[in-house]
Amino acid sequence: MLKYSIIILIFCRLSIVSWGEEINITIENTKENTAILLLLQGEKVTFVDSLFSDKIGRFIYNSKNLSMGFYQIKIYGKSPITFLYTGNDVVLKADAESIDETIEVVKSESNEIYYDFVNLNRDYKIKIELLRLILARYPKNDEYYQTTLNKASQIQKEYIAFIDSVVSMDSSSLISRYVRSSQLPIVNFTLPIEEQISFLKSHTLDKVDFGDAELIYSDCFTNKSIEYLMYYQNPQLPKGLLEKEFQNAVDTLLTRASVNILVYEHIADYLVDGFKQFGFDNVVDYIVENYVVKDDLCLDELTENSIENRINQSNLLKVGATAPNIILQDTSGNMIDLSKIEKEKVLLLFYATWCPHCQDMLPEIHKVYKQRKDFEVVAISLDENRDDWINYLRDNSFEWIDLSDLNGWESKAAQDYFIYATPTMFLLDQQRIILGKPITLKELSDLL
């Protein structure tokens, strides 16, 4: 059924548009004569075509083979220009020095609505958040409190009026459906903050049409997902409890998304990738076990590879298992054999110099290493550029064992250990028995 659903959607997308309209975008103050056209899918983009200007800064593209959806045009080193294509001419212009602030819609009603909505949402968030803070702290019996409440009410009414006008104009159009599903919730600011948060958890997703698969080709579902997750974010909670909160949010999001298999996969992919980036491994495992594996979801190829490695690492490299041996070159070209290291404990540390989390964590691990001296660290870089690797080590002066074959994710060591994220750690004893797989510095210290 899944394969048939995908085939049908692809067929529909290929056959929806047969118009011979064009996209005409002028980018002033640039010397670039090439650009790329990208299809937007949440926070990911897919390459569509290369564009060449007929004169510097003007890009014209015959859009007869494009399907409806949101696209981006990007020139080197500048912010992309996002636009909606619905089968009609799109004429935009912007200044390369400040693209986001200077985008002008010359021709395209759908894009006029889109940019009006983007600007309205931005202004609404800023104003309402400021007014909410005042209302939460200002004495209710003061005249200014009522003035502020009236202003907040006015802004909310104007926001609702815009949404209603767009949706009623043509409820079946892509821009109307996008605006309806992307709209922000309206909250009663006279309620206590806790009740406001409870309301947002219950009603933020009310207007989202999870059955509308065409909205995959926009930022609608990903934006609403992160907006919804933010209501569960509580920096005062320890990580374990915060992950439990996020799991509750995930249950709501994916249960609602399950009405359409393609939307379901789209949001699951986004959640797995997002929680992985922020180090919430328990949430990723929860999504994989309870949704991806259970419902046999097809995700992005990179995400699927990551999940497969995660599952294999969990099943084959459990605590108590014997870890694979590693023989790799150090910075001087000497071959180092993991099995010959005589320390009582060895910390295997997989990292990459381009990984921000690694840049924060490795110096902290080095402090523990210097203080204790009762274990060895074997740091394995997943870099591909030798200069990047050597320069990083020189700048940080680590005193442990540094190894790499400069094959990145294709490194034999990375594949043997099913590495799906950096940093990843394994604490081994002298016989290479896995004692633990710490994620945080505290977990490492406790294991040691």
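Just so it is clear, the values below take in all heavy atoms, side chains as well, and ignore hydrogens, waters and symmetry mates.
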Practice task
Ignoring hydrogens and angles, tell me if any N or O in the side chain of E245 forms a donor-acceptor pair with the backbone of Y232 under 3.5 Å.
Solution key: no
Practice task
Write down the atom of L382, the atom of A414, and the distance for their closest heavy-atom approach.
Solution key: CD2-CB, 3.8 Å
Problem - Heavy atoms of other groups near E28 CD, more than 12 under 6.0 Å - result: yes
Problem - Donor-acceptor contact present, side-chain S168 to main-chain S165, <3.5 Å - result: yes
Problem - Results of salt bridge (charged side-chain N to carboxylate O under 4.0 Å, His left out) for K74 - residues two or more places apart only - result: none
Handout entry: Verdict with supporting geometry, I380 and I419, side chain to side chain contact (heavy atoms under 4.5 Å, CB included)
Key = CA-CA 11 Å; I380 300 171; I419 301 303; over 6 Å; no
Practice task
Name the orientation class of the two ring planes belonging to F210 and F221 (parallel below 30°, tilted from 30 to 60°, perpendicular beyond 60°).
Solution key: parallel
Handout entry: Donor-acceptor pair, side chain of D269 and main chain of E265, under 3.5 angstrom
Key = no
Practice task
Taking the side chain as every heavy atom from C-beta outward, state whether V284 and F280 have any atom pair closer than 4.5 Å.
Solution key: no
Problem - Derivation of the side chain to side chain contact (heavy atoms under 4.5 Å, CB included) call for Y159 and I163 - result: CA-CA 6 Å; Y159 184 82; I163 304 296; 4.0 Å; yes
Problem - Any donor-acceptor N or O pair under 3.5 Å, side chains T424, Y417 - result: no
Exercise for the section: Report, as yes or no, whether the 6.0 Å neighbourhood of atom CZ on F47 holds more than 12 heavy atoms from other residues, nucleotides or ligands. Expected result: yes
Exercise for the section: Starting at CD of E214, measure out to CG of L262 and round the result to the nearest 0.5 Å. Expected result: 11.5 Å
Completion exercise
Nearest heavy-atom contact between A249 and Y228 is O-CE2, 3.7 Å
Exercise for the section: With rounding to the nearest 0.5 Å, note down the distance linking CZ in R180 to NZ in K207. Expected result: 6.0 Å
Practice task
Mark yes or no for whether N385, through its side chain, and D387, through its backbone, hold a donor-acceptor pair below 3.5 Å.
Solution key: yes
Fill in the blank from the handout: Output for pair (D95 CG, K78 NZ), nearest 0.5 Å, gives 9.0 Å
Problem - Non-hydrogen side-chain atoms of Y264 and D295 separated by less than 4.5 Å - result: yes
Handout entry: Distance flag, aromatic centroids of Y286 and F275, threshold under 6.0 Å
Key = no
Handout entry: Close side-chain approach of I23 and L51, heavy atoms under 4.5 Å
Key = no
Fill in the blank from the handout: CD1 of I439 to NZ of K239, rounded to nearest 0.5 Å, is 6.0 Å
Handout entry: Flag if over 12 foreign heavy atoms under 6.0 Å of NZ, K157
Key = no
Practice task
Give a yes or no on whether the backbone of Q313 and the side-chain of Y420 come within a donor-acceptor separation of less than 3.5 Å.
Solution key: no
Fill in the blank from the handout: Separation between CG (D89) and CG (N24), nearest 0.5 Å, reads 8.5 Å
Exercise for the section: Could you tell me whether the side chain of I160 reaches within less than 4.5 Å of the side chain of I186, counting heavy atoms only? Expected result: yes
Practice task
Could you verify whether a donor N or O on one side chain and an acceptor N or O on the other, from E243 and Q247, lie under 3.5 Å apart?
Solution key: no
Completion exercise
Quick note, side-chain hydrogen bond (donor to acceptor under 3.5 Å, both in side chains) partners involving residues 192-203, not counting sequence neighbours, are H203-D206
Fill in the blank from the handout: Correct closest heavy-atom pair for A257 and I267 would be CB-CD1, 3.8 Å
Practice task
May I have the step-by-step check of side chain to side chain contact (heavy atoms under 4.5 Å, CB included) for I36 and Q72, ending in yes or no?
Solution key: CA-CA 8 Å; I36 54 174; Q72 291 181 340; over 6 Å; no
Fill in the blank from the handout: For D388 and D383 the tightest heavy-atom approach is CB-OD2, 4.1 Å
Handout entry: Note, R177 side chain near C220 side chain (heavy atom, < 4.5 Å)
Key = no
Handout entry: Side-chain (Q146) to main-chain (E143) donor-acceptor, under 3.5 angstrom
Key = no
Exercise for the section: Could you tell me whether K437 atom NZ has more than 12 heavy atoms of other residues or ligands within 6.0 Å of it? Expected result: yes
Handout entry: pair F246-N282: side-chain heavy atoms closer than 4.5 Å
Key = no
Practice task
Could you tell me whether the side chain of W409 reaches within less than 4.5 Å of the side chain of N407, counting heavy atoms only?
Solution key: no
Handout entry: Least distance between heavy atoms, L215 atom then S181 atom
Key = CD1-OG, 3.7 Å
Practice task
Start with the C-alpha distance between I75 and T30, add both sets of side-chain angles, then the distance that settles side chain to side chain contact (heavy atoms under 4.5 Å, CB included), and finish with yes or no.
Solution key: CA-CA 9 Å; I75 58 174; T30 180; 3.6 Å; yes
Exercise for the section: Considering non-hydrogen atoms only, spot the tightest contact between I60 and R58 and give its length. Expected result: CD1-NE, 3.9 Å
Problem - Aromatic centroids of Y138 and Y144 separated by under 6.0 Å - result: yes
Completion exercise
NZ of K224 to CZ of R256, rounded to nearest 0.5 Å, is 10.5 Å
Handout entry: Donor-acceptor contact below 3.5 Å, side chain S445 vs main chain L441
Key = yes
Handout entry: Close side-chain approach of F70 and Y217, heavy atoms under 4.5 Å
Key = no
Practice task
Would you check if the side chain of T255 reaches a backbone N or O of T252 as a donor-acceptor pair within less than 3.5 Å?
Solution key: no
Handout entry: M230, CE atom: more than 12 neighbouring heavy atoms under 6.0 Å
Key = no
Handout entry: Main-chain N/O of V187 paired with Q156 side-chain donor or acceptor, under 3.5 Å
Key = yes
Exercise for the section: Run through S110, S108, S63 and flag the one making a side chain to side chain donor-acceptor pair (under 3.5 Å) with Y85. Expected result: S63
Problem - Whether R132 side chain and F189 backbone form a donor-acceptor pair below 3.5 Å - result: no
Problem - Whether F426 and F350 hold their rings parallel, tilted or perpendicular, with breakpoints at 30° and 60° - result: perpendicular
Practice task
Would you check if there is a donor-acceptor pair between the side chains of D219 and Y178 at a distance under 3.5 Å?
Solution key: yes
